[in-house]
2 protein chains.
Amino acid sequence: MKTRDKILLSSLELFNERGERNITTNHISAYLAISPGNLYYHFRNKSDIIYEIYLEYEKLVDYYLQIPDDRPLTLDDLTFYLESVFDGLWSYRFFHRELEFLLDSDQRLREDYRKFTSRCLAAINRIFDGLAEGGVIQPQSEDLRAAMSLNVWLVITNWLAFLKTAHGSELSNDLSLGQLKQGIYQVLTLEIPYLTPEFYRPVMDLREKYRPQLPVVGDERTG
Amino acid sequence: MKTRDKILLSSLELFNERGERNITTNHISAYLAISPGNLYYHFRNKSDIIYEIYLEYEKLVDYYLQIPDDRPLTLDDLTFYLESVFDGLWSYRFFHRELEFLLDSDQRLREDYRKFTSRCLAAINRIFDGLAEGGVIQPQSEDLRAAMSLNVWLVITNWLAFLKTAHGSELSNDLSLGQLKQGIYQVLTLEIPYLTPEFYRPVMDLREKYRPQLPVVGDERTG
DNA sequence: GACTCACTAGAGTATATACTCTAATAATAA
DNA sequence: TTATTATTAGAGTATATACTCTAGTGAGTC
C-alpha cells in the first residue's frame with residue numbers, strides 16, 4: 001500500500017480511537033514508523049489529511065443515499081438506508097465528535113459539509129416520500145415532512161455522542177457496532193405514529209430487532 | 001466582583017464565543033488583564049475552571065427541571081421547560097460543543113455528566129407523564145415514553161451543533177437566542193401525533209411561534 | 001554509467017501551552 | 001503596631017505541536 005494511503009488509513013484509525021484532538025501529526029508518523037518529514041511530503045498539513053478523510057466519508061454516504069425516484073420504497077430500502085448510514089457514522093466517528101472545531105478550522109470543509117447536510121436532509125425527505133408512495137407511511141404535509149426529516153438527522157448524528165457520554169467509562173471504550181445500531185430503534189420510534197395500518201406490524205418487528213438489551217440509562221431523579 | 005468569579009465568568013464567555021479548544025489559560029488571564037500566576041492561584045488548572053462552570057450549568061438545569069408530582073402539567077409548564085432548557089443550553093453552549101473531549105479529560109466531569117443525563121431523561125419522562133395526566137398528550141406505554149424522551153433529549157442537545165454547522169460562515173457567528181429556540185419547533189414536532197384532540201390546536205399554535213423564518217437548509221439533491 | 005524523480009529519514013525550529021516560582025502588595029487580625 | 005493571610009504580578013520553564021530543511025536512497029530511464 002502506498003504511504004499516502006497508509007497515512008490516511010492510520011489517521012482515521014487513530015482519530016476514531018483517541019479523538020482528532022489527541023492525535024498529532026507526530027503521533028501518526030510514529031504509529032506508521034515513518035518520519036514526520038515523510039508525512040509532510042505527502043500532506044501539506046493536518047487539515048489536509050482530515051479533509052481527504054472527510055471526502056471519503058462524504059462520498060460513502062452520498063453513495064448510500066442514492067434514492068431511486070422511479071419506484072416506491074420498501075421496508076427493505078429503509079433498512080438498508082438506516083444500516084448504511086450508521087455504518088458510515090461508525091467508520092468515520094471521529095468526525096462528528098469534533099465537528100464544530102473542524103469546520104471552524106477549514107473553510108473548504110465548512111462549505112462542503114454545509115452542502116452535504118443539505119443533501120442528506122433532502123435525501124431523508126425523499127425517503128419519506130418514497131415510503132409514503134410505497135404505502136409504508138402515511139403521506140404528510142411538506143412542512144411536517146421537513147421537520148420530521150430534520151429530527152431524524154438530529155437523532156442520527158447525535159446518537160454516537162449520546163452513547164459515549166451517557167455511559168460511564170466502563171462501556172465507552174468498547175462501543176460496538178451493535179450498540180450503535182440501537183440508534184435505528186430510536187429513528188424508527190419517530191416513525192411509529194405515521195405508519196400505515198398495513199405496515200405497523202412489520203415496522204414494529206423490525207424496530208424490535210434493534211431494541212437496547214439493557215435500559216439505556218438509569219433512573220436518577222431530580223430533587 | 002471577586003477575581004475568582006471574574007475568571008469563571010470570562011472563561012465561560014470566551015469558551016462560548018471561541019470554543020474551549022481555542023482558549024488557553026493565558027488567553028483568559030490576558031482578557032482579564034491579570035497575570036497567569038494570579039489565575040493559577042485561584043484554580044489548580046484549566047480542567048478545574050471547566051468543572052466549576054459545568055457545576056453551575058448542571059445546577060441551573062436541575063433547577064429548571066424540577067417537576068411537580070402533586071399536579072398534572074399544563075401547556076404553560078411545557079413552554080417553561082422548553083424555554084428554560086434552551087436558555088441553559090445557550091448560556092453554556094461551549095460545553096456540548098466539546099463534550100466528548102471534556103469528559104475524556106476529567107473523570108469527575110464524566111461521572112457527573114452521566115448522572116446528569118440520567119436525571120434529565122427521567123425528568124423528560126415525568127414531563128410526558130404529567131402532560132398525559134393534564135390531558136395534553138395521550139398516555140403512552142412506558143417503552144414508548146422512554147424512547148420518545150430519549151429522542152427529545154437527542155434533538156435538544158444536538159440542535160445548536162446543527163445550527164452552527166448547517167449554515168455557512170455567514171450566520172454561524174451571530175446565532176441568536178431566537179434561532180436557538182427554533183429547536184422548540186423541532187421538539188414540539190415530535191409530540192404532534194400524541195396530542196389529544198383538545199390540545200391539538202393550542203400546541204400547534206404554540207409551535208407556530210417558533211417556526212423558522214427561512215427554510216433551515218436548502219434543497220441540494222443527491223445524484 | 002549518468003540522470004531523474006518519487007519517496008524517505010531525521011534533526012531541527014518557532015511558537016504555543018499549561019503551569020510554576022518568587023517576590024511583592026493589600027487586607028485583616030491580634 | 002505587628003503579624004498573618006489573601007491576593008497579585010510577572011518572569012520563567014518543560015513540554016508539545018505543527019511544520020521545515022537538508023541530505024539522502026533506490027527504482028527506473030536514456
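As a basis for the values below, the full set of heavy atoms in this structure was taken, side chains included, without hydrogen atoms, waters or symmetry mates.
- Phe15(B) is linked by a ring pair (Phe, Tyr, Trp, His ring centres under 6.0 Å) to Phe94(B), counting only residues two or more places apart in sequence or in another chain.
- The closest side-chain donor-acceptor pair between Thr157(A) and Asn158(B) falls under 3.5 angstrom.
- The ring pair (Phe, Tyr, Trp, His ring centres under 6.0 Å) check on Phe101(B) picks up nothing, with sequence neighbours excluded.
- For Lys46(A), the salt bridge (Lys or Arg N to Asp or Glu O under 4.0 Å) partners are Glu20(A), not counting sequence neighbours.
- Seen from the ring of Phe128(B), Arg145(B) does not count as a face-on cation partner, given the 6.0 Å and 45° thresholds.
- Listed in residue order, the members of residues 5-13 of chain A having a heavy atom less than 4.0 Å from DNA chain D come to none.
- Residues forming a side chain to side chain donor-acceptor pair (under 3.5 Å) with Asp143(A) (at least two apart in sequence, or on another chain): Arg211(B).
- Between dT8(C) and Tyr41(A), no contact under 4.0 Å exists linking OP1 or OP2 to a side-chain N or O.
- Checked against salt bridge (Lys or Arg N to Asp or Glu O under 4.0 Å), Glu191(B) has no partners two or more places apart in sequence or in another chain.
- In this structure, Glu56(A) has no salt bridge (Lys or Arg N to Asp or Glu O under 4.0 Å) partners at least two apart in sequence or on a different chain.
- The salt bridge (Lys or Arg N to Asp or Glu O under 4.0 Å) check on Arg4(B) picks up Glu52(B), with sequence neighbours excluded.
- At dA6(D), none of the side-chain N or O atoms of Lys2(B) fall inside 4.0 Å of OP1 or OP2 (strictly under the cut-off).
- Residues that satisfy the ring pair (Phe, Tyr, Trp, His ring centres under 6.0 Å) test with Tyr81(B), not counting sequence neighbours, are absent from this structure.
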Can you give me the N/O atom pairs linking the protein to nucleotides 23-26 of chain D at distances under 3.5 Å, or say none if there are none?
none

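- Rounded to whole angstrom, the span from the CZ atom of Arg4(B) across to the P atom of dT8(D) amounts to 12 Å.
- Taking only side-chain nitrogens and oxygens, Ser35(A) comes nearer than 4.0 Å to OP1 or OP2 of dA9(C).
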Exercise for the section: Determine, for nucleotides 17-29 of chain C in 5'-to-3' order, which nucleotides have protein heavy atoms under 4.0 Å from the base (write B), from only the sugar-phosphate (write S), or from neither (write -). Expected result: SBBBB--------

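- Residue pairs satisfying the ring-ring contact (aromatic ring centres under 6.0 Å, His included) criterion with at least one member in residues 23-47 of chain A, sequence neighbours excluded, are absent.
- Contact annotation for Leu39(B): no contact, since no heavy-atom pair falls under 4.0 Å across all strands.
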